[in-house]
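First comes the structure, then the notes that go with it.
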There are 2 protein chains.
Amino acid sequence: MSKGTVGGGGTTMLRRINVASVLDAVRRSAPAPLRVAELVERTGLARPTVAQAVDELLDAGWLQQHGPDSADRSLGRPAIRVSLRGRAAPVLGLDVGPHRVTVGVSDLAGRKLSLVRRSGPGWTAQELLGVIGEVITEALAEAEVPAEDVAAVVAASPGIVDEHTGRVQLVPSVPGWSAIDLIKHVRGLLDCPVMLDNDANLAALAIAAARGGTGTLLAVQWGERLGAGIVIDGRLHRGTGAAGEIGFIATGPDDVINPEDSRGPLERAVGSEAIAALGRQAALDHPESRLAELGGDQLDTADVFAAAAERDPVAQAVVQQVARAFARALAPSILVLDPTAVVIGGGVARAGAVLLDAISDQLRLLTLNHPKLELSALAEDAVVTGAMRMALDEVWQRKLPTPAMTSTT
Amino acid sequence: MSKGTVGGGGTTMLRRINVASVLDAVRRSAPAPLRVAELVERTGLARPTVAQAVDELLDAGWLQQHGPDSADRSLGRPAIRVSLRGRAAPVLGLDVGPHRVTVGVSDLAGRKLSLVRRSGPGWTAQELLGVIGEVITEALAEAEVPAEDVAAVVAASPGIVDEHTGRVQLVPSVPGWSAIDLIKHVRGLLDCPVMLDNDANLAALAIAAARGGTGTLLAVQWGERLGAGIVIDGRLHRGTGAAGEIGFIATGPDDVINPEDSRGPLERAVGSEAIAALGRQAALDHPESRLAELGGDQLDTADVFAAAAERDPVAQAVVQQVARAFARALAPSILVLDPTAVVIGGGVARAGAVLLDAISDQLRLLTLNHPKLELSALAEDAVVTGAMRMALDEVWQRKLPTPAMTSTT
DNA sequence: AGTATTTACGAACGCTCGCTATCTATACTG
DNA sequence: CAGTATAGATAGCGAGCGTTCGTAAATACT
C-alpha cells in the first residue's frame with residue numbers, strides 16, 4: 001500500500017499545492033501582514049486562485065484578517081490584509097538541565113509568547129519531572145495558550161540522543177534521569193508530538209536561524225561540557241546520531257577516549273572547570289599577578305578572562321594555552337567541514353574578544369578558508385530558542401503538503 | 001520579474017509534475033523495463049494519465065518501447081513495456097591528471113557506455129588539452145554517441161575548485177594548467193554545460209552512489225595527495241568550497257599550514273611518498289628485515305605493505321606509525337561528522353587489510369560511534385564514475401521539473 | 001479447432017481547478 | 001460632487017485528471 005512517489009495526483013492535489021504556496025508566502029513575510037496583491041506577486045498565481053486559497057486558510061484558522069492599515073494612506077480602495085494566525089499552532093520548547101529548567105512558548109510565526117525559567121540547587125529525577133510540569137503550565141498561562149492547542153514539543157537534553165527512540169547515551173549529572181520518562185511525562189500533559197534532541201544541536205539550529213540564509217554553521221557550546229551542532233543550509237546534520245561531539249576530541253598525543261568517563265579529553269582540557277583550574281595554578285605560581293589579586297582562592301573561569309582583558313600576562317598565557325588547545329582540536333574539523341562560520345556559545349563565550357582573538361590567531365595558522373568566528377548573540381536562550389525552532393519546523397513540515405519550496409525569498 | 005516561490009501554477013504545471021513523476025518512476029527501476037500497470041501502481045496516478053505521460057515521453061525520446069518479453073509467459077494480452085532511453089542524454093565524465101587522462105561516457109540510466117584511459121609520461125598543459133580532445137572523441141566513438149548529443153560534462157581536477165566560476169586554487173603538478181582553459185576547450189568540442197569539481201568530491205559521490213541509500217559518507221582519497229569528499233544523504237557537502245581538505249590537517253603539536261606549499265602537513269606525513277620514505281629509512285636501519293629484502297634501494301609504498309602483510313615487524317611498525325598518524329588526524333572529524341562509513345580509496349588503498357585494521361584499531365580508541373571502515377571497491381575508476389554521476393544528477397535536475405521526490409523507493 | 005478467460009490498451013464522459021476578462025465596491029482627490 | 005485609482009467579486013473558458021466502458025490480444029480449457 002506504500003505509494004512510492006508522491007507528487008502527482010488530481011486537481012485537488014494541485015489545489016493543495018497552491019494553498020500551501022500561499023501559506024508559505026505568508027509565513028515567509030511573517031509577522032508583517034500581506035495584501036492579496038502582494039501574495040499574487042509572490043506566488044505567481046492568479047488573483048482568484050489566491051483569493052480562494054486565502055478564504056480557505058481563513059476558514060481553517062491559519063490566517064487572520066486585519067483591518068485596513070490607518071498608516072497606509074494610498075489611493076483607492078484599501079486592501080484587506082492577512083497575516084499568519086500564530087496561535088493556530090503554538091509550539092513549546094524545553095531546556096532541561098540539572099539546575100535549571102527553561103520553557104518557551106512560540107507561535108507559528110516564531111514570535112516568542114512566553115519564556116519561563118526556574119533554577120534550583122539540583123533536583124532529583126522525580127522532582128525534576130514535577131518542576132517541568134509546573135514550569136510548562138506557567139509558561140502556557142503566561143502565553144495565554146490552552147494546553148490542548150500545543151502542536152509540538154521539542155525538549156533539549158544533554159548527551160547523545162537517538163532521534164527517534166528518544167534514548168540517551170552518556171547522560172550526565174542527574175542520577176536516575178531518563179529522557180524516555182520525560183517524553184512520556186510531557187506527552188501526558190500535552191497531547192501532541194514530543195521530540196527530543198541534543199542541546200548543542202538545538203542551540204545550533206537557533207543560531208543558524210538567527211544568522212539566516214544558507215551555508216554551513218558550526219555552533220560550539222562551550223561550558224563545563226563541550227559540544228557542537230552542525231547546520232547545513234538550514235538542516236541539522238546528525239550523522240548517525242552523535243555528530244558534533246567535539247568534547248571527545250583527543251588533545252595530547254597519547255589521549256584516548258575512556259568509555260567509562262562521561263567527559264571527553266577536550267572537555268577535560270578546556271572545559272570551564274579546566275580553565276578555572278589552570279587559572280588557580282597560575283595564580284599560585286605567580287602570586288604577584290593581577291590574576292591572583294582578582295580571584296584569590298575562589299578563582300573562577302570569569303576571573304581568568306577578566307584578568308586577561310586587563311592585559312595580565314599570566315592570565316593571557318592561560319587564555320593562550322586554552323585557545324591553542326581548542327583551535328588545534330577544532331582545526332581538523334574546520335578543514336573537513338569548511339564552514340561559513342563558527343559560533344561559540346555557552347558559559348565560556350562570555351569571555352568575549354580576549355578568547356575569540358586568541359582562537360582566531362591560532363586558526364589562521366591551521367586552516368585554509370578561515371571561517372568567520374563569532375560569539376553567540378543568543379546567550380543562554382539559545383537552546384530553548386532552538387527547541388522552539390525545531391518544533392516549528394516539525395509543525396510546518398507536517399502541515400505543508402508540498403515537500404520543497406524554493407528558498408529564494 | 002523574479003517570481004519568489006515556484007510550486008503552483010495552472011493545470012499544465014500539474015501535467016508536468018505528473019509526467020516527471022512517471023519519468024522518475026522509470027528512472028528508479030532502471031535499467032529494468034516497466035509495464036504501464038506497474039507505473040500506475042508506483043506513481044499512484046490513474047491509468048490514462050500514465051498512458052498519456054508515457055506517450056509524451058516516448059515522443060520526446062526519453063523512453064523507448066520494448067516488445068513483449070518472451071520470458072514473460074503470463075496470461076492475457078502482453079503488456080507494452082517501456083524503459084529509459086539512455087541515449088537520450090548521454091553524459092561525459094573526465095578525470096584529468098598530469099600523467100593520465102580518463103574519459104567515461106554514461107547513459108541516462110547510469111550504464112557505462114565506454115571508458116577510455118590514456119597514460120603518458122607527463123604532458124605540458126598544451127599537450128594535455130590535445131590529449132583530452134583525442135580521448136573524448138575516442139570515448140564517444142566507442143560509445144557510438146554523436147558529440148552533439150552529449151547533455152553534460154563534469155571534469156575532475158585536483159585542488160580546490162570554486163563550484164561556479166571554475167577557478168582552481170592550489171593547482172599542483174602541471175605547470176601552466178588552468179581549469180578555465182579546460183572548460184573552454186571542452187565547451188568548444190561539446191555544446192553543453194561543463195562543470196568542474198574536486199576529484200576527491202567526485203570519487204566520494206561515486207562511492208556513495210555505489211553504496212546506495214542515505215547516511216553520511218566520508219570518502220578519503222589517499223595517494224601522493226590526500227583529500228576527502230563528504231556525501232550526506234546523496235548530496236555532496238562543499239562547505240564554502242574547500243571541504244574535505246584533510247591533507248592540510250596538522251599532525252605534530254607545532255605544525256602550521258604553509259600557504260606557499262601546495263601540500264599540507266598530513267600529506268607530507270602519510271602521503272604515499274612519505275610512506276615510501278619511512279620504509280626506506282626503516283630498511284636502512286634494519287638491513288636484515290624482510291622489508292629490506294623486498295624493496296632494496298628502490299623501495300616502494302607497495303613494498304612496505306607487502307612486507308607488513310608477511311608479518312615483517314619492521315614494516316609493521318611503519319604501517320603502525322602511518323595508521324596512527326592518519327587515525328589521529330581523522331578522529332576529530334569523525335567525531336564531528338559522525339559518518340555512517342569511512343571509505344578509503346586511491347593508491348594507498350591497495351595496501352588492503354593490513355592498513356585498514358591498523359587504522360581501525362586506532363580509531364576505536366579515539367571515536368564514540370565507530371563508523372564502518374572500508375576500502376573503495378571502485379579502485380581507479382572512482383573519480384570518472386563520480387564525474388559521470390554528477391553530470392547525470394545535473395541533467396536530471398535540469399530536466400525534472402519537480403524539485404523533490406520522496407526517496408522511499 | 002473453437003470458446004472462455006484474463007490482461008491490457010484505447011476512447012468518451014464528467015468533474016475540479018486555475019486563468020482571463022469583466023464588473024462592482026470603496027476611498028481619496030480636485 | 002464627480003473623477004480616478006485601487007481592490008474585491010463573478011462569469012466563462014480551457015486544461016487536466018479520474019472513472020467507466022468497449023476493444024484487442026494472448027493463453028487455457030473443452
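What you are looking at is a predicted structure, and each value in this text was computed from that prediction instead of being measured. When reading the values below, keep in mind they use all heavy atoms of this one structure, side chains included, and skip hydrogens, waters and symmetry mates. Below, read A as the first sequence line, B as the second, and so on, with proteins coming before strands; counting in each chain starts at 1.
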Notebook entry, point to check: How far apart are the closest heavy atoms of Ala147(B) and Leu190(B), and which atoms are they?
Noted result: O-CD2, 3.6 Å
Note to self: dA24(D), OP1 or OP2 - any side-chain N/O from Arg77(B) closer than 4.0 Å?
What the structure shows: no
Note to self: I'd like to check Leu94(B) versus Val384(B) (side-chain heavy atoms, cut-off strictly below 4.5 Å). Are they in contact?
What the structure shows: no
Note to self: Rounding to an integer number of Å, can you tell me how far Asp55(B) CG sits from dA11(C) P?
What the structure shows: 9 Å
Next item on the list: Mind calculating the distance between CG (Leu39(B)) and C1' (dC9(C)) to the nearest angstrom?
Entry: 14 Å
Next item on the list: Check the distance between dC9(C)'s P and Leu34(B)'s CG and give it to me in whole angstrom.
Entry: 12 Å
Notebook entry, point to check: Whole-Å distance between dA7(D) P and Gln65(A) CD?
Noted result: 15 Å
Check: Is the NZ or CZ atom of Arg27(B) positioned over Trp396(B)'s six-membered ring, under 6.0 angstrom from the centre and within 45° of the axis?
Finding: yes
Margin query: Please tell me if Arg35(B) has a side-chain N or O lying less than 4.0 Å from either OP1 or OP2 of dA8(C).
Written below: yes
Check: Heavy-atom distance under 4.5 Å between the side chains of Leu236(A) and Asp197(A), does that happen here?
Finding: yes
Check: Which listed nucleotide (dA28(D), dG8(D), dA8(C)) is nearest to the side chain of Ile80(A)?
Finding: dG8(D)
Item checked: Interatomic distance where CD belongs to Gln52(A) and C1' belongs to dC17(C) [whole Å] -> 8 Å
Next item on the list: On DNA chain D, check which nucleotide each of Thr49(B) and Ala37(A) is closest to and give me the residue with the more 5' one.
Entry: Ala37(A)
Note to self: For Val50(A) and Pro48(B), find the nucleotide of DNA chain C closest to each by heavy atoms; which residue's nucleotide sits nearer the 5' end?
What the structure shows: Pro48(B)
Note to self: As an exercise, state the distance from CE of Met390(A) to CG of Leu202(A), rounded to the nearest 0.5 Å.
What the structure shows: 6.0 Å
Next item on the list: Take atom CG of Leu14(A) and atom C1' of dG14(D), then tell me their distance rounded to the nearest Å.
Entry: 14 Å
Next item on the list: Starting at atom CZ of Arg16(B), determine the distance to atom C1' of dG18(C), rounded to an integer number of angstrom.
Entry: 16 Å
Margin query: Can you work out whether Arg47(A) or Arg47(B) has the more 5'-proximal nearest nucleotide on DNA chain D?
Written below: Arg47(A)
Next item on the list: Could you state the atom-to-atom distance from CG of Leu58(B) to P of dC9(C) in whole Å?
Entry: 12 Å
Next item on the list: Please state whether the phosphate of dC17(D), meaning OP1 or OP2, lies under 4.0 angstrom from any side-chain nitrogen or oxygen of Asn18(B).
Entry: yes
Item checked: Ala46(B), nearest nucleotide to its side chain (from dG8(D), dG18(D), dT26(C)) -> dG18(D)
Item checked: Closest to side chain of Thr11(B), choosing from dT16(C), dA15(D), dA25(D) -> dA15(D)
